[in-house]
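Read through the structure below, which is laid out as structure tokens, and then see the notes.
Chain identifiers are assigned alphabetically (A, B, ...) following the order of the sequence lines, protein sequences preceding nucleic acid strands; residue numbering begins at 1 within each chain. Only heavy atoms go into these numbers, but all of them, side chains included; no hydrogens, no water, no symmetry mates.
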Protein chains: 2
Amino acid sequence: MRVHHLIPPWFKQYRPEWLAGDAIAAFIASMMLVPQALAYAALAGLPPYLGLYAGLLPLVGYALFGSSSVLSVGPVAVLALMTASALSPIATPGSAEYINGAILLALLSGLILLAMGFLGLGSLSNLLSLPVVDGFISGAAILIIVGQIAPLLGVENSGDTALEILLSTLSNISSTDPQTAILGVAALLSLICARLGLPVVLIKMGITPPRARLLSRLAPMLIVLLAILFTILFHWGKEIPVVGDIPGGLPELKMPTFSLGLIHQLILPALIIALLGFVESLSIAHAIALRRGEKLNASAELRGLGAANLLSAFSGGFAVTGSFARTAVNDEAGAKSPLSGVIAAVLIALVLLYAARIFTELPVCVLAATIIVAAANLINLRAMALHWHYDRTDGLAMAGTLLGVLLFGVETGIGLGIGLSFATLIWRTSRPHIAVVGRVPGSEHFRNVLRHTVKTQPGILFLRIDENLFFSNISAVEERLLIEVKRHQNPHDLVLILSSVNRIDSTAIERLQQINRDLQEHDIRLHLAEVKGPVLDRMGRSRLLQELSGRVFLSSYIAELALRRHQINVEDSKSNESLPPAKST
Amino acid sequence: MRVHHLIPPWFKQYRPEWLAGDAIAAFIASMMLVPQALAYAALAGLPPYLGLYAGLLPLVGYALFGSSSVLSVGPVAVLALMTASALSPIATPGSAEYINGAILLALLSGLILLAMGFLGLGSLSNLLSLPVVDGFISGAAILIIVGQIAPLLGVENSGDTALEILLSTLSNISSTDPQTAILGVAALLSLICARLGLPVVLIKMGITPPRARLLSRLAPMLIVLLAILFTILFHWGKEIPVVGDIPGGLPELKMPTFSLGLIHQLILPALIIALLGFVESLSIAHAIALRRGEKLNASAELRGLGAANLLSAFSGGFAVTGSFARTAVNDEAGAKSPLSGVIAAVLIALVLLYAARIFTELPVCVLAATIIVAAANLINLRAMALHWHYDRTDGLAMAGTLLGVLLFGVETGIGLGIGLSFATLIWRTSRPHIAVVGRVPGSEHFRNVLRHTVKTQPGILFLRIDENLFFSNISAVEERLLIEVKRHQNPHDLVLILSSVNRIDSTAIERLQQINRDLQEHDIRLHLAEVKGPVLDRMGRSRLLQELSGRVFLSSYIAELALRRHQINVEDSKSNESLPPAKST
């Protein structure tokens, strides 16, 4: 690959007047990123400074290959939680082995994303339905919050599930360290006030609402710096846990090396991290692109995120993806191009080079407060209410995923969610809607007898099947059919209207043949009407059309006319040739 | 429950003239059953005489509760194989622990079947598609045959999969015991001749074809008795393996007792055995009922099979179900009622009481020959060819199941099969058929532009979606939509015809809203036409109808008229109230 291929299009088209916007946005986004990066690394069970590594080169990687101009890539809470969940059964958090595992997870996720990008497998993300993703994110956020209560108060916790962690935290609550708890809760309240109250105050002070919102985004960094200042001034670092040693300087670039066994253990978590990271990032990028009237390219997104994760791994970081909060701020702060990401990376590099030591005195409880506030924003009650309101089945899949995360952890939770999505799909196709229809007087239209005043013919039963016919629903169709036949006191003709049937599988076609024979036993002729072209073509490969006791009609109206006038010659219709032309599609 | 509730209806209606048919059928079926019962017990890894136990009380149990008049319940090859597969990781074949496990499997299967019967869960059998069942049975039959080559030739074999067993048999082939092999192969050839040639010979001798077929069914018993006679006469029993000790007399009735741990290990295999046994038995019973013009009751079948398995367990037997071969013979031999099953049970009891000792001298290689011939009849090449011909996807699911059984064993094979069925279903719904349609000149009908000569309107694009919209296919729909929009040089109006859409899930409705916004960005109005009543009702719960840039039209024709005349007032259509009446269903 030549070098100029690596130069992204936005760079060639760059206009000098964009620089101010990009630089300001980069500053605000990186000031948000520093405390979040430290916090999410801690959440992942890693030394906090690794969060800064994960917030450095990935920004450049995405800027080179991604297609969104303002997506802010880096450490995010949910992937940090998933990293911890994947690694905690394998190694002790913070150990060299554990860090190695985190790097491998990022590497594998990056490779998976790149492979999906180059093989055009972006559609793999269709495995995840929206209710499942929303339920998962909310469940993960609650799990994160529950896990951070203990470090916020300076007590111990243990356990793998939300309930276990909560119970262990509550049982240790008496050993709360007052100093930690006061500082932690103060930081938490300050963060909440800064988020909810500060914009209001700033607007009252005459600052424009957009600017007030942006300024309030700097508050977490300010609170962190204040906490560090107090800790240094009052020598709290000896009494309460602080972040501790941070090696200054930039990360070394090196090729990670690993055993096949470890890869085998981490490939599934890496796949889930890659898929979820992609789905989340794509939905953020899509929302922003829509707002800005830009075009998004799913393959470029996969390559951008893949490159970001590879670079994270090569520089000792962990799995990254697009951050909802930082992307929104980057956009609002006036970023014009991915250069803002590159500038943010430079700013993070400067922090690592010249200011990293400051953060050694940052109390862990303040990080916990940062995580709690960030996680609380991930709980999307509105989206969950919408799903619940729109479709109760989808709502249940969502609730199941959420509860799965809380009761069994993130990996089982997402597995349960995917299972529930497909179970829902299968359950839906297994309960076909079937309507007894009759003709609307004075027209050729046939409608549901329950919804409309229609004319029915004695002895002729019209049934419309509103679902594809599969092994999973053909029994239900057969049952309903027999019920209707009995209810209509054994009609002599039964017409199945297949206008909504696009596919009939092998099991269903065999059962239709059986139904035809069963009805014949009871002297009921079976006819088909409005069969779609491809479906009729496929039927020709089975014996159904040869065995059919009745005929295939172009339309329900033609069927009614023919059957009412007794003009139908059943023998004639038994060969394929004499069938009327198929209804076209 | 009062005693007279236990008396089945057929008994109260019994007519004396039925007795001859029932007795003759019972005699032939039980003569078939004896060698098969011994063989299948051996196949299950159990002492052969337990097969006779499994062929005794289950016949009575089914006669009391089942609904088919001629279904012959008892040991069958596939369930024997599945019993062996479930138990071999747990205990040594033939040990007390192993026998205990087989009894527990029958007990659990029986309870599962009864539970399904009483809870109305017969539809659980819809988990299994026909191609998967056919692929599974054929795979199991091949696995059985491969496993019987070694005992047929008197060599050792080992391994879990068909390939392993075949390779180990071939590597031991040099240690073939000539005497065993000669007897085994002679028995095998005799059985094959009896099956294929004997009816022909008998017909030539002037016997009617049905009678010739029935008489040929007695040949296996005759061959077994001849083999025993030779073994006794020539004292082969000292040199080649024979069945060995058979305790005379009837089985003791006792309540099995088991640990919870064992139940936990066997509950999944028991479920698979119950489901597969039910599916197979129901298809046999259904085919026979159809031929005889009788009514079959799925719940009664579940109760009948459940009772049969419970009684098998209480009398020390293993899992049973309806046998295809014996049922066909029972029917052909003139059985009129389930009394033939009861008489067959009495005959088996007589064998156990007075003739069991004969079978101690039966060479194992002759049993192997019996199993091979029975299994070969289970390979249903015709059904497999039909599936393959009808639908390649179903054919692949079938082939996958068959290969899964051969490469990984029966349990993984059936699991793979169920997985493949659902994967097929999901794959199908994920590839929606979408057609660009135009109006057939001089009519109100809209048809696929690729199949018909139709009129299209410049600037107005009509797309018909022929599939329900789910999380798994909405991306494909979106992609196709954008391709068509580009191909038609940005039309100003896009009409989605939803006449075949019966369901739109939560993910799809959100994406439709997004698509609407995206199109609006490009100044394309999105309209919907022919939306079904329930779908429109559901849409009302989302924001789609409020946000829709275009309108909802009753029919495609009305849409064309309105859009062509530019009479559409978009603002008016943005509230639900002003929408045209929904298309009825």
Side-chain angles (χ1 to χ4, degrees), chain A residues 122-123 125-132 286 290 293 386-387 389-391 393-395 398 421-422 424-426 428-430 432-433 435 447-448 451-452 464 466-468 470-476 499-500 502-503 505-507 509-511 514 517-518 521 532-534 538 541-542 584-585, chain B residues 122-123 125-132 286 290 293 386-387 389-391 393-395 398 421-422 424-426 428-430 432-433 435 447-448 451-452 464 466-468 470-476 499-500 502-503 505-507 509-511 514 517-518 521 532-534 538 541-542 584-585:
Chain A
S123 59
S125 64
N126 295 339
L127 283 173
L128 297 165
S129 75
L130 216 50
V132 163
H286 195 276
L290 192 65
L386 276 179
H387 296 311
H389 179 66
Y390 177 72
D391 188 316
T393 319
D394 280 336
M398 178 187 71
S421 318
F422 287 113
T424 306
L425 199 161
I426 288 162
R428 284 205 179 103
T429 53
S430 301
H433 182 246
R447 296 284 181 272
N448 194 335
R451 289 187 174 228
H452 299 267
R464 197 190 61 217
D466 285 349
E467 187 70 74
N468 295 334
F470 289 123
F471 66 94
S472 57
N473 65 17
I474 187 69
S475 290
S499 52
S500 284
N502 306 305
R503 287 191 174 91
D505 83 349
S506 189
T507 308
I509 201 85
E510 291 247 356
R511 289 285 281 279
Q514 219 170 61
R517 289 195 290 271
D518 281 354
E521 277 291 324
K532 295 197 172 181
R538 184 56 57 96
R541 299 196 205 167
S542 76
S584 47
T585 60
Chain B
S123 59
S125 64
N126 295 340
L127 283 174
L128 297 166
S129 76
L130 216 51
V132 163
H286 195 275
L290 193 64
L386 274 180
H387 295 312
H389 179 65
Y390 176 71
D391 188 316
T393 319
D394 280 336
M398 178 187 71
S421 318
F422 286 114
T424 306
L425 199 161
I426 288 162
R428 285 202 178 105
T429 53
S430 301
H433 182 246
R447 295 285 181 271
N448 194 337
R451 289 188 174 229
H452 300 267
R464 196 190 61 218
D466 284 350
E467 187 70 74
N468 295 333
F470 289 123
F471 66 94
S472 57
N473 64 17
I474 187 69
S475 288
S499 51
S500 282
N502 306 305
R503 287 193 175 90
D505 83 349
S506 187
T507 307
I509 201 85
E510 291 246 356
R511 289 285 281 278
Q514 219 170 60
R517 287 197 290 270
D518 282 353
E521 277 292 323
K532 295 199 172 181
R538 185 56 58 96
R541 299 195 204 169
S542 76
S584 45
T585 61

Open item on the list: If you compare all heavy atoms of A:F471 against all heavy atoms of B:L128, which two are closest, and at what distance to 0.1 Å?
Closed with: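 That would be CD1-C, 4.4 Å.
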- Query: Between B:R451 and A:P534, what is the shortest heavy-atom contact and its length?
  - Reply: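 For B:R451 and A:P534, the tightest heavy-atom pair comes out as NH2-CG, 3.8 Å.
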Item checked: Pairing of B:R503 and A:D391 as salt bridge, 4.0 angstrom limit ->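 A:D391 and B:R503: not salt-bridged.
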Q) For A:R511, what residues pass the salt bridge (charged side-chain N to carboxylate O under 4.0 Å, His left out) criterion, not counting sequence neighbours? A)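 Listed in chain order: A:E478.
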Qualifying residues under salt bridge (charged side-chain N to carboxylate O under 4.0 Å, His left out), relative to B:R517, sequence neighbours excluded: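 Applying salt bridge (charged side-chain N to carboxylate O under 4.0 Å, His left out) to B:R517 gives B:E547.
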**OP:** List the steps and the verdict of side-chain contact (heavy atoms from CB on, under 4.5 Å) for B:M398 and A:S506.
**Re:** CA-CA 11 Å; B:M398 178 187 71; A:S506 189; over 6 Å; no
Point to revise | Under 4.5 Å from any heavy atom of chain B - which part of A:F422 | key: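 Interface part for A:F422: both.
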What part of A:S421 gets within 4.5 angstrom of chain B, counting heavy atoms only: side chain, backbone, both, or neither?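 For A:S421, heavy atoms of backbone and side chain both lie under 4.5 Å from chain B.
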Open item on the list: At a heavy-atom distance under 4.5 Å, which candidate from B:H387, B:E467, B:Q514, B:R538 has the highest pair count against chain A?
Closed with: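 Sorted descending by pairs with chain A, the first entry is B:R538.
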Please determine, among B:A476, B:P432, B:S430, B:S472, the option with the most heavy-atom pairs under 4.5 Å with chain A.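 Heavy-atom pairs under 4.5 Å are most numerous for B:S472.
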Passing option when A:L425 is tested against B:N473, B:D505, B:L425 for side-chain contact (heavy atoms from CB on, under 4.5 Å):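 When B:N473, B:D505, B:L425 are each tested with A:L425, the side-chain contact (heavy atoms from CB on, under 4.5 Å) holds only for B:L425.
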Please determine whether side-chain contact (heavy atoms from CB on, under 4.5 Å) holds for the pair B:R428 and A:F470, giving the CA-CA distance in whole Å, both sets of side-chain angles, and the decisive distance to 0.1 Å.
CA-CA 10 Å; B:R428 285 202 178 105; A:F470 289 123; 3.8 Å; yes
Original post:
With no hydrogens and no angle check, is any side-chain donor or acceptor of B:D466 less than 3.5 Å from a backbone partner on A:N502?
Top reply: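 No, the answer is negative, given that no donor and acceptor are paired below the 3.5 Å cut-off.
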- Query: If you count heavy-atom pairs under 4.5 Å with chain B, which of A:D518, A:L386, A:T429, A:V132 comes out on top?
  - Reply: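 Among A:D518, A:L386, A:T429, A:V132, the one with the most close pairs to chain B is A:D518.
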